[in-house]
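Take a look at the structure set out below.
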Amino acid sequence: LTIANRTRSKADSLADKLRAVGHESVKSLGFGQLDGSFDLVINATSTGLDGQVPAINEASVAGAFCYDMLYGVDTAFCRWARKAGAGEVTDGLGMLVGQAALAFELWRGVRPQVTPVLKTIRSRLAGGSA
């Protein structure tokens, strides 16, 4: 597991916490030190709020599953990752709806189906009327 952050000390701090609970193979880097390719890249930065993408090498996402914690019609990170040759790209809408379904189940004892909800929200985000 490699954790990269704009601020190296924040990546180090998170990696230290993971190592403290038994995850010895965690590596921490600043974005500028990120090199190589990865199987999974999760964008958890706020750069997408301004239509930007993290300052990482395109080769790092080639063939990877890329996940953006932000969601919307098509996030800047998702567009960038597809252009960079990512294997699969998705945004955080599924996580949002999944968390809502779990909360609903805790409160009501019934777990709603997430697929129809995702389809409706995606359609509405794209300007549809579903």
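- Taking each heavy atom of R8 and L29 in turn, the nearest pair found is CD-C, 3.5 Å.
- Identified under the side chain to side chain donor-acceptor pair (under 3.5 Å) test for residues 75-86, with sequence neighbours left out: D68-T75, D74-R82.
- Between the CG atom in D39 and the SG atom in C66 there is a gap of 11.0 Å [rounded to 0.5 Å].
- Taking both residues in full, the closest heavy atoms of F31 and A55 are given as CB-O, 3.6 Å, listed atom of the first, atom of the second, then distance.
- No side-chain heavy atom of E105 sits less than 4.5 Å from a side-chain heavy atom of V110.
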Would you give me the side-chain donor-acceptor pairs under 3.5 Å for residues 85-99, sequence neighbours excluded?
unit_1, atom_1, unit_2, atom_2, d
D91, OD1, L93, N, 3.2
D91, OD1, R122, NH1, 3.3
D91, OD1, R122, NH2, 2.6
D91, OD2, G72, N, 3.2
D91, OD2, R122, NH1, 3.0

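- Distance check, rounded to the nearest 0.5 Å: CG of L106 to CZ of R111 gives 9.5 Å.
- At least one side-chain heavy atom of P116 sits less than 4.5 Å from a side-chain heavy atom of Q113.
- Note on I3: it does not cluster hydrophobically with I56, by side-chain heavy-atom contacts below 4.5 Å among ILVMFWY residues.
- Taking each heavy atom of Y67 and F77 in turn, the nearest pair found is O-CE2, 4.0 Å.
- You'll find the side chain of V61 stays beyond 4.5 Å of the side chain of F38, heavy atoms only.
- Residues A101 and P112 approach most closely at O-CD, 3.7 Å, considering heavy atoms.
- For residues 46-60, the set of pairs meeting the side chain to side chain donor-acceptor pair (under 3.5 Å) definition, not counting sequence neighbours, comprises T45-T47.
- Under the 4.5 Å side-chain heavy-atom criterion for ILVMFWY residues, a single connected hydrophobic cluster contains both L14 and L1.
- The main-chain N or O of S9 is never found under 3.5 Å from a side-chain atom of S13 such that the two would form a donor-acceptor pair.
- Counting heavy atoms from C-beta on, the side chains of I42 and L40 come closer than 4.5 Å.
- For the pair R19 (side chain) and V26 (backbone), a donor-acceptor distance under 3.5 Å is present.
- When all heavy atoms are compared, the tightest approach of G51 to A76 is O-CB, 3.4 Å.
- Put simply, CG on N5 and OG on S28 are 10.0 Å apart, with the number rounded to the nearest 0.5 Å.
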